[in-house]
K.L.:
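Below you will find the structure I want to go over with you.
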Amino acid sequence: VPHWTGANGEPSAYEPYVREMLIWSDLFSEIHICSPKGDGPVRGNVASYDCANIRWHPVSYTLAPGRWGAIRRLFLLPGMMLAVLRTLRASEFVHIRSPGHFALVGNALVRTLGKPSLTKWAGENAAYEGERLTARIHRKIECTPSRRNPVLVYGPAKYSHQISFIPALMTDEELAKARLLSSPKNWSAPWIIMSVGRMVPEKGFDLALQGLAKLK
């Protein structure tokens, strides 16, 4: 995920991702994160690591959409691949967040180098209409059974090396508060439906509107 550098020099990133990395920081002596520098101003809900054993290795790589973004990525791709390779060689165990450009390169390299890894496939665990070519290639690699490279998936596992897993991003206290806030809900009509998320295409707010229109 993209990272930004704050006024004090500390990196910050998408908060759920930061929470996951803090869990890993309790398990390993050092965590090295290889990910791109954020384009432009800080976007979304971000948080800093505030953890001494987590180090971010910034990489110049754009995730901007459109033709101009694709052209820039083409020129930046060799540097990104070298950065991923350098990080993998210096690491004893690799955690890969998929799908994504860094993850596609990382998954190909861990299998080539014989590195043990754990991949989190943070998306739909099945092919779908309109899926991009790079994502289809990535999925093909992910679906190749490997005892040294298990994959965490949302929903049911389809292969022997896949593990059905829901991210543990909320504490017991936060879950208890959510239950308390939802207790007075009235489930009789009329219903009010709310979607919460970033206003970006992959979140599918347009699909939610179309689906509700058909339901009505």
Side-chain angles (χ1 to χ4, degrees), residues 1-28 30-66 69-70 72-73 76-77 79-88 90-91 93-110 117-125 131-132 134-135 137-139 141-142 149 151-154 165-170 196-205:
V1 299
H3 284 59
W4 288 266
T5 304
N8 58 356
E10 290 294 317
S12 61
Y14 181 50
E15 185 179 5
Y17 176 83
V18 170
R19 287 191 176 201
E20 287 188 26
M21 291 302 100
L22 290 176
I23 294 175
W24 284 93
S25 72
D26 290 335
L27 303 175
F28 293 88
E30 290 185 10
I31 303 293
H32 294 263
I33 298 175
C34 179
S35 67
K37 292 184 286 187
D39 287 326
V42 176
R43 298 190 305 273
N45 55 319
V46 300
S48 60
Y49 293 102
D50 194 24
C51 190
N53 65 336
I54 295 181
R55 181 183 175 189
W56 170 49
H57 300 270
V59 181
S60 294
Y61 193 77
T62 181
L63 300 175
R72 288 177 60 197
R73 279 191 292 275
L76 295 171
L77 182 60
M80 181 267 274
M81 296 176 67
L82 183 61
V84 173
L85 177 60
R86 187 182 298 117
T87 305
L88 295 188
S91 303
F93 184 79
V94 183
H95 176 53
I96 302 174
R97 187 179 188 271
S98 300
H101 298 177
F102 282 65
L104 174 57
V105 173
N107 268 297
L109 287 175
V110 292
S117 70
L118 177 68
T119 296
K120 173 189 172 182
W121 186 270
E124 175 62 36
N125 186 30
E131 189 174 23
R132 294 181 177 181
T134 52
I137 296 172
H138 198 168
R139 188 183 301 282
I141 297 174
E142 296 278 10
N149 310 108
V151 180
L152 304 176
V153 296
Y154 299 164
F165 176 79
I166 298 298
L169 294 180
M170 297 180 71
V196 179
R198 291 173 293 143
M199 294 299 291
V200 290
E202 59 264 28
K203 292 301 179 182
F205 284 102

K.L.:
Determine yes or no for a side-chain-to-main-chain donor-acceptor pair under 3.5 angstrom, with Arg73 supplying the side chain and Ala64 the backbone.
P.N.:
yes

K.L.:
Please work out whether the ring planes of Phe28 and Phe93 are parallel, tilted or perpendicular, with thresholds of 30° and 60°.
P.N.:
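Judged by the thresholds at 30° and 60°, the geometry between Phe28 and Phe93 is parallel.
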
K.L.:
Once rounded to the nearest 0.5 Å, what's the spacing between atom CG of Leu88 and atom CD1 of Ile96?
P.N.:
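CD1 of Ile96 is found 7.0 Å from CG of Leu88.
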
K.L.:
Can you give me the closest heavy-atom contact between Ala108 and Ile141, atom names plus distance?
P.N.:
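Closest pair (atom of Ala108, atom of Ile141, distance): CB-CD1, 4.4 Å.
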
K.L.:
Taking all atoms of both residues into account, what is the closest heavy-atom pair of Asn45 and Tyr14, and its distance?
P.N.:
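Of all heavy-atom pairs spanning Asn45 and Tyr14, the closest is OD1-CE1, 3.5 Å.
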
K.L.:
Would you call the rings of His3 and Tyr17 parallel, tilted or perpendicular, where under 30° means parallel and over 60° means perpendicular?
P.N.:
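Perpendicular.
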
K.L.:
For the residue pair Trp56 and Pro36, what are the closest heavy atoms and their distance?
P.N.:
CZ2-O, 3.8 Å

K.L.:
Could you walk me through whether Leu118 and Trp24 pass side chain to side chain contact (heavy atoms under 4.5 Å, CB included), step by step?
P.N.:
CA-CA 12 Å; Leu118 177 68; Trp24 284 93; 3.8 Å; yes

K.L.:
Rounded at 0.5 Å granularity, tell me how far NE2 in His95 sits from OG1 in Thr119.
P.N.:
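Answer rounded to 0.5 Å: 8.0 Å.
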
K.L.:
If you count the non-hydrogen atoms of other residues, nucleotides and ligands that lie under 6.0 Å from CG in Asp50, is the total more than 12?
P.N.:
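Not more than 12 within 6.0 Å, no.
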
K.L.:
Test salt bridge (charged side-chain N to carboxylate O under 4.0 Å, His left out) on Lys120 and Glu20; report intermediate values, then the result.
P.N.:
CA-CA 11 Å; Lys120 173 189 172 182; Glu20 287 188 26; 2.3 Å; yes

K.L.:
Measure across Lys37 and Pro58 and return the closest heavy-atom pair with its distance rounded to 0.1 Å.
P.N.:
CG-CB, 3.6 Å

K.L.:
Go through the steps for Ser117 and Asn149 under the test side chain to side chain contact (heavy atoms under 4.5 Å, CB included), then give the verdict.
P.N.:
CA-CA 5 Å; Ser117 70; Asn149 310 108; 2.8 Å; yes

K.L.:
Go through Asp39 and Arg72 one step at a time and tell me if the side chain to side chain contact (heavy atoms under 4.5 Å, CB included) criterion holds.
P.N.:
CA-CA 12 Å; Asp39 287 326; Arg72 288 177 60 197; 4.3 Å; yes

K.L.:
Please give me the minimum heavy-atom distance between Thr87 and Cys34, naming the atom from each residue.
P.N.:
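Here Thr87 and Cys34 meet closest at OG1-CB, 3.5 Å.
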
K.L.:
Using side-chain heavy atoms (C-beta onward) and a distance below 4.5 Å, is His57 in contact with His32?
P.N.:
yes

K.L.:
Do Tyr49 and Ile31 have side chains that approach each other closer than 4.5 Å (heavy atoms only, starting at C-beta)?
P.N.:
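Counting from C-beta outward, Tyr49 and Ile31 never come under 4.5 Å.
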
K.L.:
Distance check, rounded to the nearest 0.5 Å: Leu76 atom CG versus Ser60 atom OG?
P.N.:
6.5 Å

K.L.:
Any chance you could measure Leu104, atom CG, to Met81, atom CE, to the nearest 0.5 Å?
P.N.:
9.0 Å

K.L.:
Nearest heavy-atom pair of Ala122 and Pro99: which atoms, and what distance?
P.N.:
O-CD, 4.0 Å

K.L.:
What's the separation between atom CH2 in Trp121 and atom CG in Leu152, rounded to the nearest 0.5 Å?
P.N.:
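Output value for this atom pair is 13.0 Å.
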
K.L.:
Could you measure the distance from the OG atom of Ser48 to the CD atom of Glu15? Nearest 0.5 Å is fine.
P.N.:
10.0 Å

K.L.:
Can you tell which of Val110, Val84, Leu85, Leu82 makes a side-chain contact (heavy atoms from CB on, under 4.5 Å) with Val105?
P.N.:
Val84

